[in-house]
J.: 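Quick one: the structure is below, questions incoming.
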Amino acid sequence: MKKAVAALSLALLAAGTISASALDRRVVINNTSSYTIMEFYASNTGSESWEEDILDSDILPAGGSVTINIDDGSGYCKYDFLAVFEDGDEVISADNNVCELSEFNFTN
């Protein structure tokens with residue numbers, strides 16, 4: 001009986017534990033600025049380069065939102081964001097935990 005209780009306790013403990021690789025990395029990017037975002041990048045914090053433009057040929061107009069899955073298969077949770085606006089301004093937000101973050105706002 002004690003073995004069954006111990007096994008059940010371990011199973012419940014394992015079920016309640018969420019690994020970083022199982023976390024949802026979808027983030028809603030809100031453009032609350034008054035300018036269109038022409039390009040958006042997310043790269044692992046500490047990376048030497050930006051990955052590809054996540055918006056590709058799309059844009060994120062002022063007041064718009066888009067849901068982005070930032071899961072690149074690496075298991076990382078910390079990402080830096082780069083938005084390039086229509087006027088050429090670039091805004092970087094560093095060290096965003098996409099495993100805990102569900103929304104992110106770019107503002108003026």
J.: Checking T45 now: which residues fulfil side-chain hydrogen bond (donor to acceptor under 3.5 Å, both in side chains) with it, not counting sequence neighbours?
T.: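 side-chain hydrogen bond (donor to acceptor under 3.5 Å, both in side chains) check on T45 returns D80.
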J.: Given T107 and N105, is the side chain to side chain donor-acceptor pair (under 3.5 Å) satisfied, shown in steps?
T.: CA-CA 6 Å; T107 61; N105 297 325; over 6 Å; no
J.: Under 4.5 Å between side-chain heavy atoms, hopping through other hydrophobics if needed: is there a path connecting L101 to Y76?
T.: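 As far as the 4.5 Å side-chain criterion goes, Y76 and L101 are connected within one cluster.
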J.: Drop me the distance from C77's SG to I70's CD1, to the nearest 0.5 angstrom.
T.: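 Between atom SG of C77 and atom CD1 of I70 there are 11.0 Å.
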J.: Show every side chain to side chain donor-acceptor pair (under 3.5 Å) that has at least one partner inside residues 56-69, sequence neighbours left out.
T.: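 Sorted pair list: N30-S65.
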J.: Any side-chain heavy-atom pair from F85 and N108 closer than 4.5 angstrom?
T.: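 No, their side chains stay 4.5 Å or more apart.
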J.: Find the distance between CG (L55) and CD1 (I37) and round it off to the nearest 0.5 Å.
T.: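 Rounded to the nearest 0.5 Å, the CG-CD1 separation comes out at 7.5 Å.
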J.: Nearest heavy-atom pair of S43 and S49: which atoms, and what distance?
T.: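 Reported closest heavy-atom pair: OG-O, 3.3 Å.
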J.: Indicate the atoms forming the closest heavy-atom contact of S33 with A62, along with that distance.
T.: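 Scanning both residues completely, I find the closest heavy atoms to be O-CB, 3.3 Å.
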J.: I'd like to check the salt bridge (charged side-chain N to carboxylate O under 4.0 Å, His left out) partners of D95; sequence neighbours left out, ordered by chain and number.
T.: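 Applying salt bridge (charged side-chain N to carboxylate O under 4.0 Å, His left out) to D95 gives K78.
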J.: Report yes or no: do F40 and V91 belong to one cluster of Ile/Leu/Val/Met/Phe/Trp/Tyr joined by side chain heavy-atom distances under 4.5 Å?
T.: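 Yes; tracing contacts between hydrophobic side chains, which count when under 4.5 Å, links both residues.
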J.: Do the side chains of I29 and V84 join up, straight or via other hydrophobic residues, at under 4.5 Å, putting them in one cluster?
T.: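 As far as the 4.5 Å side-chain criterion goes, V84 and I29 are not connected within one cluster.
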J.: Would you mind telling me which of N97, N44, N96 makes a side-chain hydrogen bond (donor to acceptor under 3.5 Å, both in side chains) with Y79?
T.: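 Result for side-chain hydrogen bond (donor to acceptor under 3.5 Å, both in side chains) with Y79: N44.
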J.: Determine, stepwise, if the pair I68 / V27 fulfils side-chain contact (heavy atoms from CB on, under 4.5 Å).
T.: CA-CA 5 Å; I68 296 176; V27 178; 5.6 Å; no
J.: Ignoring hydrogens and geometry, is there a side-chain-to-backbone donor-acceptor pair from R25 to G73 under 3.5 Å?
T.: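 No.
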J.: Test your reading of the model: is there a side-chain donor-acceptor pair from T36 to the backbone of M38, 3.5 Å cut-off?
T.: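 Side chain of T36 to backbone of M38, a donor-acceptor pair under 3.5 Å: no, none is there.
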J.: Starting at CD1 of I59, measure out to CG of N31 and round the result to the nearest 0.5 Å.
T.: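 Going from CD1 on I59 over to CG on N31, the span is 9.5 Å.
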J.: So F106 and F81, would you call those rings parallel, tilted or perpendicular, with 30° and 60° as cut-offs?
T.: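 Tilted: the ring planes of F106 and F81 meet at 30° to 60°.
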J.: Taking side-chain hydrogen bond (donor to acceptor under 3.5 Å, both in side chains) as the definition, give me every residue that meets it alongside D89, ordered by chain and number, with sequence neighbours left out.
T.: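 Here no residue qualifies.
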J.: Minimum heavy-atom separation for G64 and L60, please, with both atom names.
T.: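 G64 and L60 have their closest heavy atoms at C-CD1, 3.5 Å.
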J.: Residues two or more places apart in sequence or in another chain: which of them pass side-chain hydrogen bond (donor to acceptor under 3.5 Å, both in side chains) with Y41?
T.: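 Expected list: E39.
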J.: Quick one: list whatever passes side-chain hydrogen bond (donor to acceptor under 3.5 Å, both in side chains) with T32, sequence neighbours left out.
T.: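 Expected list: none.
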J.: Assess whether atom CZ of F104 is packed by more than 12 heavy atoms of other residues, nucleotides or ligands within 6.0 Å.
T.: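 Enclosed.
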J.: Please report the interatomic distance OH(Y35) to CG(D87), rounded to the nearest 0.5 Å.
T.: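 Output value for this atom pair is 5.5 Å.
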